[in-house]
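Working notes, structure below.
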Amino acid sequence: MALSRVGCCGALWRLGPGPGPGPGPAAALSRARGLLEPRPARGAPRSPVCWLSTKAGSRSVLAALASKAKRINRRYERFLERTFPRFYVLYATFTKGIQALFLEVKEIRKIKSKMSRQRLSVQQLPYREMERLRQFRRDLIKAIPIGVIAIPPFANFLVIVLMYFFPRQLLIRYFWTPNQQVEFLDAYDAIRRDSYPDVVESLALAARSLPEPQLQKRLQELCAEVQQGSQPRVAELYAVRSLFSGSPLGLNKLRVSHVKALSQVLFLTPHLPAFFLRHRLRSHVLEIRHLDRAMLRLGLGQLSEEELKAACYLRGLNSTHLGMSECRAWLEQWLGLSCKLQASEASLLANSMVLLSLNYVRAKE
């Protein structure tokens with residue numbers, strides 16, 4: 001018994017640091033247990049607590065850097081506003097335009113995802129989503145030339161110069177200042193209004209070859225009233241709708257000069273073969289017809305002033321200097337005609353863009 005105790009003590013002391021003063025048997029035993037326990041291998045994953053703390057630390061660093069960048073940017077903007085006020089207006093317009101364009105792209109992706117998920121066509125969308133897709137497509141087409149110019153190396157400087165000197169032709173609406181928006185819309189309207197008299201003259205010329213004398217007389221009187229500065233009524237236009245579904249006033253039967261004039265009313269290039277002109281004109285007019293039906297379902301009372309003005313401008317009326325009530329009154333007349341016409345009578349809808357808007361402001365006065 002005594003020998004066994006001595007043997008145990010000897011074994012424990014052999015695990016110790018060696019001869020000489022040192023820790024007692026208990027310390028030696030705990031050290032032996034430490035040597036016998038398995039240690040984590042190199043490269044083993046850290047504990048979740050350590051990982052979360054590292055992630056939280058990186059987030060705080062990023063937040064601090066973002067806050068610092070915002071402070072520097074605010075100081076830079078104040079410096080520009082004080083030192084270069086005219087350049088600051090351009091800078092602020094550009095930054096706001098980038099933000100608005102980024103948000104618009106996000107909204108377009110949501111609409112496309114919704115259409116794919118619910119298997120909807122464009123005509124089944126609500127008015128605002130349909131109009132957003134239409135406008136974004138036009139903006140994208142307008143931005144293609146400047147994107148092509150920027151492809152070669154070191155062409156960015158040329159692009160900046162061109163955008164500065166030709167903002168109306170090269171920049172999309174997100175990068176226009178408020179003053180430029182009014183100025184450029186007036187300029188575009190002046191260009192298309194040059195073709196309004198040509199549209200009325202083409203209608204009067206085509207009316208001479210109509211086979212029905214009574215409807216021929218009605219259309220000739222209507223064209224004469226418009227040429228004299230009068231505003232036609234929707235009922236007068238609706239009464240001659242049957243003339244615009246066949247020859248010579250159907251979209252596929254119009255004279256080429258008439259089609260070119262109508263294309264300019266819709267901001268479409270007239271420098272294309274006749275077949276493409278007719279196809280583009282028909283597709284754009286029918287798109288407006290679908291928008292009109294969606295707008296009627298929504299209700300004019302739900303539209304903001306900006307939306308009312310944009311809707312009038314698209315349909316041929318320069319609304320930049322009109323009030324909200326005037327825009328709503330004109331759109332009521334337009335919807336009263338558009339939503340009653342069939343797709344085969346799209347030619348009347350295209351010509352009504354001129355007939356209903358040419359003398360509207362003068363008639364109100």
Taking all heavy atoms of [X] and all of [Y], pick out the closest pair and write down the distance.
X	Y	value
P167	Q180	CG-NE2, 4.1 Å
H321	V182	CE1-CG1, 4.0 Å
P248	L254	O-CD2, 3.7 Å
R208	Q216	O-NE2, 3.0 Å
E201	Q227	CG-NE2, 3.9 Å
L355	Q231	O-OE1, 4.2 Å

Flag the pair [X] and [Y] as a salt bridge only when some basic side-chain nitrogen lies within less than 4.0 angstrom of an acidic carboxylate oxygen.
X	Y	result
R168	E183	no
E332	R328	no
R218	E221	no
R132	E107	yes

Please confirm whether the backbone N or O of [Y] pairs with a side-chain atom of [X], one donor and one acceptor, at under 3.5 Å?
X	Y	result
S319	K309	yes
S357	G316	yes
R289	L341	yes
W330	L356	yes
R278	L251	yes
D292	L335	no
Y313	L185	yes

- Task: Test the R193-Y360 pair against the cation-pi criterion, namely NZ or CZ under 6.0 angstrom from the six-membered ring centroid and within 45° of the ring axis.
- Result: no

Contacts of S242 meeting side-chain hydrogen bond (donor to acceptor under 3.5 Å, both in side chains) (sequence neighbours excluded), chain-then-number -> none

Any chance CZ of R233 has more than 12 other-residue heavy atoms, nucleotides or ligands included, within less than 6.0 Å?
no

Exceeds 12 heavy-atom contacts within 6.0 angstrom, atom CD of Q118 = yes

Sorted by chain and residue number, the side-chain contact (heavy atoms from CB on, under 4.5 Å) partners of K142 (sequence neighbours excluded) come out as I172, W176, Y188

### Query
Is any side-chain heavy atom of L262 closer than 4.5 Å to a side-chain heavy atom of V285?
no

- [ ] Check whether the side chains of D186 and T320 place a donor and an acceptor atom closer than 3.5 Å, and report yes or no.
- [x] yes

